[in-house]
Amino acid sequence: MLYLVCKIMIGYGYDTGIYANMDYIQNKFTLELVAAYPLCYSRYRKKIGWAGYKRKDEHPYMTI
């Protein structure tokens, strides 16, 4: 379903990407979906200071 939502939004002229936690990326999404769109994943822990982000060109969106 997420693939369809991204495809519809692209049809309207929007840039799309996926934001999810690692559990969803590893267990709910297909490899094709993760490879098709820019990916921003969340990793929560008690200590703030690290998060991972990936665009299609493999460069980070930002580093915390």
Side-chain angles (χ1 to χ4, degrees):
M1 180 157 183
L2 182 57
Y3 183 81
L4 180 60
V5 170
C6 289
K7 191 173 178 180
I8 290 169
M9 297 308 290
I10 288 172
Y12 282 111
Y14 292 96
D15 291 330
T16 61
I18 301 169
Y19 174 78
N21 64 32
M22 193 55 69
D23 177 58
Y24 264 72
I25 294 167
Q26 292 176 336
N27 300 306
K28 306 283 184 187
F29 297 160
T30 64
L31 292 175
E32 293 81 16
L33 177 68
V34 173
Y37 298 102
L39 174 66
C40 177
Y41 69 91
S42 58
R43 181 175 168 190
Y44 300 103
R45 16 179 231 178
K46 292 180 181 179
K47 189 176 178 183
I48 297 173
W50 187 89
Y53 304 86
K54 178 184 77 71
R55 297 189 313 217
K56 282 189 175 184
D57 62 4
E58 302 296 327
H59 289 88
Y61 281 115
M62 62 184 194
T63 305
I64 299 172

Nearest-0.5 Å distance that lies between atom CG in Leu33 and atom CD1 in Ile18: 3.5 Å
Please report the interatomic distance CD1(Ile8) to OG1(Thr16), rounded to the nearest 0.5 Å. 11.5 Å
Is there a path of hydrophobic side-chain contacts, each under 4.5 Å between heavy atoms of I/L/V/M/F/W/Y residues, joining Leu39 to Met9? no
Which atom of Tyr37 lies closest to which atom of Cys6, heavy atoms considered: CZ-CB, 3.4 Å
Please give me the minimum heavy-atom distance between Ile25 and Val34, naming the atom from each residue.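 For Ile25 versus Val34, the nearest heavy atoms are CG2-CG2, 4.2 Å.
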Counting only heavy atoms not in Asn27 (residues, nucleotides, ligands), do more than 12 fall under 6.0 Å from its CG? yes
Side-chain contact, heavy-atom cut-off 4.5 Å: Tyr3 with Phe29? no
